[in-house]
There are 2 protein chains.
Amino acid sequence: MDYRMCWLEYRGLPADVAGKLKDWFSSVSILEPGSSVLKDEIRRFSERSIGITPRFYSRPLKKEKYIMVGRLESLPIKLDVNLGEEGFMLRTIEWNGSKILLVTGETKKALVYGIFDLMKRIRLGEDIEKMNVLAKPKAKFRMLNHWDNLDGTIERGYAGNSIFFKDNRIIINQRTKDYARLLASIGINGVVINNVNVKKREVYLIDSIYLKKLKKLADIFREYGIKIYLSINFASPVYLGGLDTADPLDERVARWWREKARGIYDYIPDFGGFLVKADSEFNPGPHMFGRTHAEGANMLARALAPFGGVVIWRAFVYNCLQDWRDYKTDRAKAAYDNFKPLDGQFDDNVIIQIKYGPMDFQVREPVNPLFGGMEKTNQILELQITQEYTGQQIHLCFLGTLWKEILEFDTFAKGEGSYVKRIVDGTLFDRENNGFAGVSNVGDSVNWTGHDLAQANLYAFGRLAWNPDEEIERIVEEWIKLTFGDDEKVLENVSYMLMKSHRTYEKYTTPFGLGWMVNPGHHYGPNPEGYEYSKWGTYHRANWEAIGVDRTSRGTGYTLQYHSPWKEIYDDINTCPEDLLLFFHRVRYDHRLKSGKTLLQTMYDLHFEGVEEVEEFIKKWEELKDRVSPDIFERVKERLHMQLEHAKEWRDVINTYFYRRTGIPDEKGRKIYP
Amino acid sequence: MDYRMCWLEYRGLPADVAGKLKDWFSSVSILEPGSSVLKDEIRRFSERSIGITPRFYSRPLKKEKYIMVGRLESLPIKLDVNLGEEGFMLRTIEWNGSKILLVTGETKKALVYGIFDLMKRIRLGEDIEKMNVLAKPKAKFRMLNHWDNLDGTIERGYAGNSIFFKDNRIIINQRTKDYARLLASIGINGVVINNVNVKKREVYLIDSIYLKKLKKLADIFREYGIKIYLSINFASPVYLGGLDTADPLDERVARWWREKARGIYDYIPDFGGFLVKADSEFNPGPHMFGRTHAEGANMLARALAPFGGVVIWRAFVYNCLQDWRDYKTDRAKAAYDNFKPLDGQFDDNVIIQIKYGPMDFQVREPVNPLFGGMEKTNQILELQITQEYTGQQIHLCFLGTLWKEILEFDTFAKGEGSYVKRIVDGTLFDRENNGFAGVSNVGDSVNWTGHDLAQANLYAFGRLAWNPDEEIERIVEEWIKLTFGDDEKVLENVSYMLMKSHRTYEKYTTPFGLGWMVNPGHHYGPNPEGYEYSKWGTYHRANWEAIGVDRTSRGTGYTLQYHSPWKEIYDDINTCPEDLLLFFHRVRYDHRLKSGKTLLQTMYDLHFEGVEEVEEFIKKWEELKDRVSPDIFERVKERLHMQLEHAKEWRDVINTYFYRRTGIPDEKGRKIYP
């Protein structure tokens with residue numbers, strides 16, 4: 001296996017920096033038994049970045065400078081800090097005649113976080129002598145969802161095959177551990193290893209035949225503070241248990257799940273729990289038995305509760321057999337309509353996992369009104385790290401900027417300041433079991449993510465999940481420095497590219513919140529009416545004079561799902577943010593935007609601009625030749641050129657589509673194919 | 001296995017008819033050794049339709065009335081007739097004190113045809129006493145092409161799985177023989193058993209591992225006068241032979257094919273030959289090596305020639321990676337442009353197989369100009385019996401009427417009377433190796449064709465291939481009577497439905513030769529712009545005022561591939577047949593048709609009419625309850641109701657599509673979704 005370690009490459013530090021660090025790292029006191037993960041990481045860093053092999057001790061030392069790692073209760077020094085289960089402290093103190101860099105926390109997991117953070121800070125140039133960090137994650141659940149199938153394929157995967165499965169078997173190899181390292185270094189504490197669509201063979205993952213191997217996987221991940229979760233099929237009692245029903249109120253069903261849970265926890269005592277896609281896109285669920293999502297989720301939750309497990313229940317429920325001739329049903333309203341009435345009915349160990357927008361990970365959507373809509377329900381924000389609708393890791397599309405906007409969105413659920421980030425971290429409604437889930441963009445490709453720069457999406461997800469208050473510019477800078485080193489030009493150019501790339505992608509694809517003008521099925525490339533007459537509830541209904549769905553109070557009423565003032569802002573074509581104009585409104589092509597230009601002319605302009613920006617990206621990247629490693633340089637260059645070609649395809653198809661509808665040419669006389 | 005025998009059910013005849021036949025069938029003289037097929041068929045008919053078991057003799061009899069079957073040279077009577085290899089004679093004569101119904105021909109195959117024809121005529125009510133028939137097929141090659149894959153799937157199959165393959169094995173069972181019977185009864189004399197796309201496992205079909213089983217299959221089909229053919233991959237010398245090239249001018253390649261041919265003929269001495277899809281839709285071909293189709297085909301032909309085999313080479317060659325922004329390339333021109341220059345360069349045992357139209361089996365296309373374009377090349381007309389673009393055996397769409405129109409098309413290649421049927425039967429250009437190929441609509445479903453009434457397509461194909469001069473109304477009547485019996489109401493209603501059904505399907509889908517407004521990939525259901533920005537060269541380029549591609553001399557020049565007067569007729573929007581208006585011309589929606597109505601209003605009208613006609617079909621079918629067997633009645637009824645629902649979907653999508661483009665409502669105020 002040949003693959004890169006992304007932001008954990010641990011390149012050699014400059015001689016002067018390394019020199020200052022040698023004293024610190026030559027002797028390390030680790031006051032914990034069974035701490036091979038900590039030692040491995042410190043050794044790896046020391047050897048690669050500093051050029052020494054540290055000696056480890058399990059007691060305090062007599063030495064001018066050294067590093068001491070241990071849980072608060074193991075330390076010889078008493079510290080009065082409250083770090084919680086996952087928080088850690090890095091602090092350089094003087095004690096007993098030594099200068100000691102303390103790495104501490106309440107748990108072993110916290111020490112792992114502390115070590116990774118320390119390595120990072122050193123690599124980013126922080127002075128070890130002045131180290132004084134106290135960090136706690138804001139949200140309890142920071143998860144990755146893998147849409148990996150047992151046969152090794154990945155639904156919406158764009159970086160090779162699964163690192164977890166092949167030929168209906170679970171894979172465990174060096175990469176398993178390296179993946180755990182990567183995730184721990186950005187604070188991920190849970191991984192759902194299989195696809196939410198649990199079909200065929202995947203149903204058996206909770207069966208005894210797989211548990212032995214799952215246990216091995218869990219053992220490796222546990223060392224890095226990561227729990228394993230499984231997606232399950234709600235009808236498992238029928239498929240696996242031979243029952244004639246999966247009705248959650250049938251005691252035989254509940255008993256079957258209780259026994260199943262016990263069986264799993266016998267092998268994996270800290271098993272995380274179940275992720276459930278129920279009554280959604282042909283997956284079975286409680287509705288099949290006339291039961292509510294609450295009844296379904298609570299039944300499962302009660303099976304897991306004795307062991308400390310949770311049920312994560314997706315809110316992605318809508319009518320996927322809509323008739324395009326039905327103008328009343330609005331898919332955007334579905335999640336709220338389905339789950340808002342159940343607010344308060346879910347058990348404490350049930351968490352509702354909600355996609356960021358009301359549709360499905362389009363390049364831009366408004367924030368899902370369930371955030372701020374449900375007050376008495378645990379919630380996880382689901383983001384898509386894998387670039388299904390955003391260029392499939394062929395296009396450069398850094399998503400951190402979009403995610404940051406989502407997190408900073410003020411729902412006004414409890415008046416001003418009711419940000420999404422305060423809902424997701426649990427503080428706004430004072431809830432504990434909240435957090436983040438990101439659909440993984442990782443596969444077995446050499447660079448994990450297909451596009452090397454797509455590693456930044458994984459990194460940014462982890463960092464925002466740990467601390468949604470972090471500035472995205474800072475996260476980008478961190479990632480670039482950790483990945484490429486300290487070259488100023490690399491920082492400048494890659495930062496420029498990443499920060500701009502989502503907007504660029506949006507410009508040449510579907511701006512104004514339009515979405516869905518994509519090829520059905522695989523979701524790559526333009527197809528303006530690809531979803532126009534389908535069953536999926538995703539229509540723009542463009543005609544000769546206007547486009548878009550009226551989702552205002554005068555239309556489908558979707559805007560009414562928001563709190564004031566958004567309800568009113570979105571409802572009015574003149575106050576609605578133009579980024580989302582075609583999401584909320586049906587708009588004439590000759591409608592004047594704030595710029596004074598028509599919608600149509602702006603549509604043309606954005607598409608030409610988007611392509612020009614990709615050309616600019618290529619220039620910026622070319623400037624980095626000999627500044628980044630040749631394999632990365634060539635891989636990214638190749639993808640940028642594919643992006644350019646496909647961006648032109650987008651530009652031309654969309655512009656032609658609108659030209660053919662309106663007959664109105666581009667004011668600037670640029671080429672639009674007739 | 002439970003399945004029907006279609007038009008060979010041999011229902012009991014009325015008592016009076018059966019009574020008259022008993023004398024004839026009680027004793028049958030068969031003057032051929034090894035004639036179990038003839039005996040089986042006569043016995044089956046006698047037992048089922050007449051209620052007696054005949055006694056067979058291998059000599060002339062002394063009896064008032066009897067049937068005598070034998071080749072001309074075996075008969076005790078000398079007859080001066082020229083029947084050719086496949087012709088037969090049925091004649092009732094008096095000889096040696098007996099009334100004898102003679103069934104004769106030059107070959108055993110001809111006797112099989114004669115027996116099936118005799119059974120048919122009796123069942124259709126002809127008087128055995130007055131029998132006097134002399135029949136010869138007009139065309140030498142009357143083939144079915146199965147697009148069956150070794151795994152048992154069928155490309156474009158809508159009636160279950162393959163009857164030839166399953167799990168990478170060849171299937172031989174009772175159905176194999178029954179299929180041969182069905183085909184022999186309609187005069188089919190060749191079957192290509194595997195898909196023209198020869199990928200994966202199918203490449204190995206010509207390898208020794210499959211030959212033993214293929215021989216068994218050929219043995220069964222031979223008894224019914226049917227030869228086996230295989231589709232091959234042009235790059236087999238590389239895949240199978242381990243050569244580094246498949247260049248047809250490389251002697252190693254030619255030698256490999258010669259040896260391969262010898263190997264096949266060792267097992268199957270009357271093997272028909274190869275069908276080749278080369279340089280087409282990602283299949284390899286001679287162009288990969290800088291060689292022409294003639295060079296490629298002739299090399300293969302010379303390998304087969306010593307054994308009497310032929311190479312059937314498809315003309316379906318076009319650029320399937322076209323850029324929609326390229327307005328000059330016209331896929332319609334491709335077959336002619338590729339093959340016309342090669343006219344005269346092909347060996348005698350090469351046959352070019354040409355799809356009926358220049359595109360790909362749309363509901364209506366003009367006749368391919370290669371018919372009449374090539375004068376010195378053997379040609380096979382390829383028709384698609386399986387309903388890929390014509391409703392996939394969910395919709396009732398009898399294709400015999402379309403095929404008849406194609407066959408009656410006058411190409412004017414040698415002046416008036418240069419009908420396609422005279423090219424395909426070889427008489428116009430005095431060629432021997434010409435004929436018909438139909439892409440099979442058969443699978444392992446209980447009724448062979450999914451839709452019971454789709455059996456009529458298979459029947460009509462065979463009958464037209466035998467005699468393209470036959471009237472289609474007569475073929476339909478035959479099929480109905482043989483399948484359902486003599487009920488007048490059944491004849492009236494089913495005949496009405498079949499004869500109208502293609503036009504009906506055309507009306508509610510894509511009239512005017514428009515085509516391609518279909519879902520990409522599976523080709524079922526409406527998608528007006530599904531192929532509009534694709535790589536396949538299939539564009540209509542609808543805008544706010546017009547639709548269609550200008551294929552006239554002022555446009556792509558496609559019309560110039562036709563002889564006069566078609567060249568001029570098609571070139572002029574005022575003389576172009578309206579059925580094909582949008583195939584040849586770009587037309588404004590407000591263009592007035594001969595009816596005085598606009599194109600747009602006619603488009604609306606046809607779509608409403610089409611749906612009304614399906615409703616009428618349902619009424620007609622309901623009238624037949626208790627007149628056809630209940631299983632068939634229910635199956636067809638169910639499909640008709642699906643057809644109605646899907647016809648409405650077509651109507652609404654296409655009408656909405658045009659309304660959204662134009663903003664012009666239906667003059668009659670019918671519902672068009674906005």
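Within every chain, numbering begins at 1; the chains are lettered A, B, ... in the order of the sequence lines, protein sequences first and strands thereafter.
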**Study point:** Shortest non-hydrogen contact from A:Trp324 toward B:Tyr673
**Key:** CZ3-CB, 3.9 Å

Exercise for review: Check whether A:Pro674 gets within reach of chain B through its side chain, its backbone, both or neither, counting any heavy atom under 4.5 Å.
Suggested key: both

Check your understanding: What part of B:Glu649 gets closer than 4.5 Å to chain A, counting heavy atoms only: side chain, backbone, both or neither?
Key -> both

Point to revise | chain A neighbours within residues 660-668 of chain B, where any heavy atom lies under 4.5 Å away | key: B:Arg660, B:Arg661, B:Thr662, B:Gly663

Review point. By a 4.5 Å heavy-atom criterion (distance strictly below it), what part of B:Asn527 contacts chain A: side chain, backbone, both, or neither?
Key: side chain

Practice item. Identify which part of B:Pro520 has an atom lying under 4.5 Å from any heavy atom of chain A, answering side chain, backbone, both or neither. Key: neither

Exercise for review: Decide if atom CZ of B:Arg169 counts as having more than 12 heavy atoms of other residues, nucleotides or ligands within a radius under 6.0 Å.
Suggested key: no

**Study point:** Winner by heavy-atom pair count (cut-off under 4.5 Å) against chain A, out of B:Thr656, B:Val653, B:Asn543
**Key:** B:Val653

Review point. Got more than 12 heavy atoms from elsewhere within 6.0 Å of NZ, B:Lys671?
Key: yes

Practice item. Please flag which part of B:Ala546 lies under 4.5 Å from any non-hydrogen atom of chain A: side chain, backbone, both or neither. Key: neither

Check your understanding: So does A:Lys199 have more than 12 non-hydrogen atoms from other groups sitting under 6.0 Å from NZ?
Key -> yes

**Study point:** Side chain, backbone, both or neither of B:Tyr327 within contact of chain A (heavy atoms, under 4.5 Å)
**Key:** side chain

Check your understanding: Does B:Lys333 NZ have over 12 foreign heavy atoms under 6.0 Å away?
Key -> yes

